[in-house]
Amino acid sequence: MARWLAYEWNDRELRVAVATPRSDRLILEHLFDVNLRDALGGAAAGGQEPFRPSAEDIGRCLAAALAARNIRRPTTFVTISRSLVELRQLSVPPVSDDDLPEVVKLQALREFTHVTEDWSIDYLSLDGDPTQPRNVLVAALSPQLLTQIQDTCRVAQLRPERLLLRPCASASLARRCLPLSEGEIRLVVDLVGDEVDLSVIVEGRLVFMRTARLVGDPLRDPPSAETLLGEIRRTMMAAQNQLGGGRANHLVLCGNTPAHEHLVGLLRERLDLSVSCFNPFQPFTLSLQLAESLPDHPGEYTALLGLLADEKDKITPPLDFLHPHRRPEPPSKKRQLLVAGVGAAILAALGIGYGWWQLAQLDQEIAQLRARQSELDRELKAGAEVAQLAQAVRGWIGSRVDWLEELKRLNEKIPPAKEVMLTKVSLAAGSKAGEISLEGFAASSDSVQKMEQSLEDETHRVVSKGKAEDDSQKPYTLRFGTSVVIRSAPPAPVRSTRPPTVRTPGLTPTAAPRSAAPRQAVR
């Protein structure tokens, strides 16, 4: 019987789940992890820090672990952390589901700074009305990382069938084990190693996800549990902006060990919402060997188990980098051609000439329909662009934010360039207020904290979008993202129509935005 293998790819630790599908159930046979530093003796990168094993090193470790358990050529599925992809919510003009993939890709290439045509781009649709502007959660995977994952599978003699985001699979298993109630806005918390995935589900749709790095184990370390509480509150605030003021009312923790139960009690006590946890093995039948030797942290395998359960039930994942959304292929014309051929044969009995005349008429009609289709496609594309620009103009005009004052305030309060360098400043205008999104590099975490504290006041709320170590812009060693939400703003005073020059530390002086577009980026 063929086996299914799901594993989580990263360059520090591999987690693997192996199951055998039956007609009525899924038998879970193996759950194990491979610490790459221990397996490679810290020599994958030539013995130098930081430890960064190559795809071949990871593949050899995975192959050795599978060979030790006599697992050969299984059907393979891969998950990756949300932190390894570019993820952003975008709004596109009203468009049908068939045309949505092309529109999303075009918009993503414009909105993402580093994404190019060779990136793998897929999306989650956040609404389903084609007559209204469509909101989508777009994820982009770099070709370098995709190649590295495929090389790892090649060395391990595996061929991946799917490549999913870890939070999507975790949220799916949480819905399966704990069905959603009416009106529930669920926040799924999945503790995986030194990371935590936080996903928001509304009406069965995954609408928001983020991954944060933790120090310590929240299940056993009280200071780490406090850090987790802060990340949960930060996620709820960030998601609330996208939910139009809605707030998560049910928190679900992946796992049901005594440590999980204790953490559930702490979260229920500290947060104003209901909290529960679930057994990730609920949909499976455990083999005798696995039942006697369960892993120490079974909750860390939630995403892998969710992937396998969906595959057993033939549920198409909402996001797959190996099979991203595509425009549907046109209907097959084989049947039409077969009927035409039979008709031509019958007509041939009545006369060769009538048959040729009939075929000529059909060819002419097909050519006219194709020409009309091309014309309509051009009109649709032009109309979509005009609608998008019109909506952007309406949003910008309706904003009550004095962006010149906001940029001046940002210029005055941000730390000096030796501490912080901004690489992108995005201005988003709403009907009553706005939001400034900052991306850049900092010399230290203290510099980011200093910047966020200086930008916070009674009319400005600062939301951290995460920090990650990145030494590509030395002497800056930390990459960060921060959002400044303008709570309220008085009507903007009349100013000169000539745009002033705004200087922001760490950036080249840039003219104030003159376009009516709702988002302005400074690079």
Run Arg162 and Glu311 through salt bridge (charged side-chain N to carboxylate O under 4.0 Å, His left out) and show every step you take. CA-CA 10 Å; Arg162 298 193 186 281; Glu311 200 66 28; 2.9 Å; yes

Do [X] and [Y] make a side-chain contact, defined as non-hydrogen atoms from C-beta onward lying under 4.5 Å apart?
X      : Y      : value
Leu294 : Leu286 : yes
Tyr301 : Pro280 : no
Glu300 : Asp33  : no
Pro160 : Ile149 : no
Ile80  : Val85  : yes
Cys177 : Asn279 : no
Leu26  : Pro283 : no
Met237 : Val485 : no

Report the distance from atom [atom1] of [X] to atom [atom2] of [Y], rounding to the nearest 0.5 Å.
X      : Y      : atom1 : atom2 : answer
Ser287 : Leu28  : OG    : CG    : 7.0 Å
Leu307 : Tyr7   : CG    : OH    : 12.0 Å
Leu455 : Lys450 : CG    : NZ    : 11.5 Å
Leu90  : Arg110 : CG    : CZ    : 11.5 Å
Leu31  : Asp296 : CG    : CG    : 12.0 Å
Ile71  : Leu158 : CD1   : CG    : 10.0 Å

Please check if the side chain of [X] supplies one atom and the backbone of [Y] the other of a donor-acceptor pair under 3.5 Å.
X      : Y      : result
Ser181 : Glu184 : no
Glu456 : Val462 : yes
Thr285 : Ile27  : no
Asp127 : Asn135 : yes
Asp217 : Leu219 : yes
Thr235 : Glu231 : yes
Arg186 : Ala174 : yes
Arg327 : Pro101 : no

Under 6.0 Å from the [atom1] atom of [X], do we count more than 12 heavy atoms belonging to anything else shown?
X      : atom1 : value
Arg479 : CZ    : no
His323 : NE2   : yes
Arg268 : CZ    : yes
Arg159 : CZ    : no
Asp272 : CG    : no

Side chain to side chain contact (heavy atoms under 4.5 Å, CB included) evaluation trace for Ile121 with Phe112: CA-CA 11 Å; Ile121 300 174; Phe112 286 88; over 6 Å; no

Verdict with supporting geometry, Asp313 and Arg176, side chain to side chain contact (heavy atoms under 4.5 Å, CB included): CA-CA 11 Å; Asp313 293 340; Arg176 184 185 300 271; 2.4 Å; yes

Please identify each residue that fulfils side chain to side chain contact (heavy atoms under 4.5 Å, CB included) with [X], with sequence neighbours left out.
X      : value
Gln449 : Asp446, Gln453
Glu195 : Arg12, Ser81, Ser83, Arg166, Thr211, Arg213
Leu229 : Glu226, Arg233, Leu267, Arg270, Leu271

[X] bridged to [Y] by N-O distance under 4.0 Å:
X      : Y      : value
Asp97  : Arg134 : yes
Glu439 : Arg88  : yes
Lys105 : Glu102 : no

Looking at [X] and [Y], what are the two nearest heavy atoms and their distance?
X      : Y      : value
Leu163 : Asp320 : N-OD1, 3.0 Å
Ala17  : Leu305 : CB-CD2, 4.5 Å
Met451 : Phe480 : CE-CE1, 3.5 Å
Glu452 : Ser464 : OE2-CB, 3.4 Å
Leu263 : Pro218 : CD1-O, 4.0 Å
Val207 : Leu137 : O-CD2, 4.1 Å

Suppose we screen for side chain to side chain donor-acceptor pair (under 3.5 Å). Which residues come up paired with Thr316, at least two apart in sequence or across chains? none

Set of side chain to side chain donor-acceptor pair (under 3.5 Å) partners for Thr75, sequence neighbours left out: none

Assess the residue pair Asp98 and Ser96 against the criterion (side chain to side chain donor-acceptor pair (under 3.5 Å)); give the C-alpha distance rounded to whole Å, side-chain angles, the decisive distance to 0.1 Å, and a yes or no. CA-CA 5 Å; Asp98 290 347; Ser96 68; 5.2 Å; no

Start with the C-alpha distance between Leu164 and Phe77, add both sets of side-chain angles, then the distance that settles side chain to side chain contact (heavy atoms under 4.5 Å, CB included), and finish with yes or no. CA-CA 8 Å; Leu164 313 181; Phe77 312 99; over 6 Å; no

Could you walk me through whether Leu290 and Glu29 satisfy the side chain to side chain contact (heavy atoms under 4.5 Å, CB included) test, starting with their C-alpha distance in whole Å, then the side-chain angles of each, then the deciding distance to 0.1 Å, before giving a yes or no? CA-CA 6 Å; Leu290 180 60; Glu29 297 182 354; over 6 Å; no

Is it the case that [X] and [Y] place a side-chain donor and acceptor less than 3.5 Å from each other?
X      : Y      : value
Ser444 : Ser447 : yes
Asn249 : Arg247 : no
Asp197 : Ser170 : no

Applying ring pair (Phe, Tyr, Trp, His ring centres under 6.0 Å), can you list everything that pairs with His325, at least two apart in sequence or on another chain? Tyr123

